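Following: one structure in structure tokens, then a few remarks.
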Amino acid sequence: MSAAARVLVLGTGTSHGVPMIGCECDTCHSTDPRDRRSRASIYIQIEGGPSVLVDTTPDLRMQALAHGVKRVDAIVYTHSHADHIMGLDEVRRFNVLQKSAIPCYGDERTLEDLRRIYAYAFSPDTPHGGGIPQVVTARVAGEFCIGAARFIPIPLMHGSRTILGYRVGSFAYLTDCSGIPDASWPLLSGVRTVILDALRERPHPTHLSLDQALGVVQRLAPQRALFTHMCHDLPHAATCARLPSGVELAYDGLTFEIDL
Ligand SMILES: [Zn+2]
Ligand SMILES: [Zn+2]
Ligand SMILES: [Zn+2]
């Protein structure tokens, strides 16, 4: 019997979040809770095993409080843009609760950026009295396992930069993506649930537009496609109403099961 995991979508917003500071648009003033999008992140609870956080957003503290996240056994990074890493300091609470350091998986560039931006957390000279995040870096150079879950890195184009999506069993998380390189398509073969970047209607240099994302979904043919990293141009209810069946906008707090 194959193992299972539960995915909790912690955040579905673009780097500014929705609502945006100082914006008067209808989405930013919507009363639909699905139009409140914190920065993009997911949490994977492996059945009977470890729990994995994908990215540490600037909203991590409020995401953990909102959804009762009390444990993080590992962090897996997609890339080092600010909206995906600037909550790393919040993991101090998990260090205290778990009494252990947390492994952080990422590609070489992401880990280099973490060591530079969070120099105090990696310097042996930092006095520990004030509390610093205790993390251990783990360079992703191919597939790796966390408990029963095998993580397959999926190289994605994010503008001119190559970043990582991840496949875990029948599920793939592909945030911050403007294109999927030819070599990555076979890695996604047979995926049944996908979370995919869809920023807005208009094209953007570093993110898929809604139409481009629908094109990826058509080629991938998953059972269920959920869009993420949306800006305020895409109100939840009105956008979902015109998407094909099996395709939806994700929202903060959405959960679903996956096979490993
Ligand atoms: Zn982002
Ligand atoms: Zn707005
Ligand atoms: Zn990014």
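For ligands, and for the atoms within them, numbers begin at 1 and follow the listed sequence. None of these values were measured; they are calculated from a predicted model.
- The aromatic ring centroids of Y105 and F151 lie 6.0 Å or more from each other.
- Ring-centre distance between H67 and Y43: not below the 6.0 Å cut-off.
- The Zn ion (ligand 3) has H79 NE2, H81 ND1, H158 NE2, D176 OD2 as protein N, O or S atoms under 2.8 Å away.
- Here the options are D83, D59, T57, D252, the test is side-chain hydrogen bond (donor to acceptor under 3.5 Å, both in side chains), and the partner is R39; only D59 passes.
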Decide yes or no on side-chain hydrogen bond (donor to acceptor under 3.5 Å, both in side chains) for D107 and T110, but give the supporting numbers first.
CA-CA 5 Å; D107 63 18; T110 299; 2.7 Å; yes

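- Here CD1 of I195 is found 15.0 Å from OH of Y166. Values are rounded to the nearest 0.5 Å.
- T56 places a side-chain N or O within 3.5 Å of a backbone atom of I85 that can act as its donor or acceptor partner.
- Here the angle centred on the Zn ion (ligand 2), running from SG of C25 over to SG of C28, is 110°, rounded to 10°.
- Heavy atoms of other residues, nucleotides or ligands lying less than 6.0 angstrom from CZ of R161 number more than 12.
- The Zn ion (ligand 2) lies closest to atom ND1 when only the N/O/S atoms of H232 are considered.
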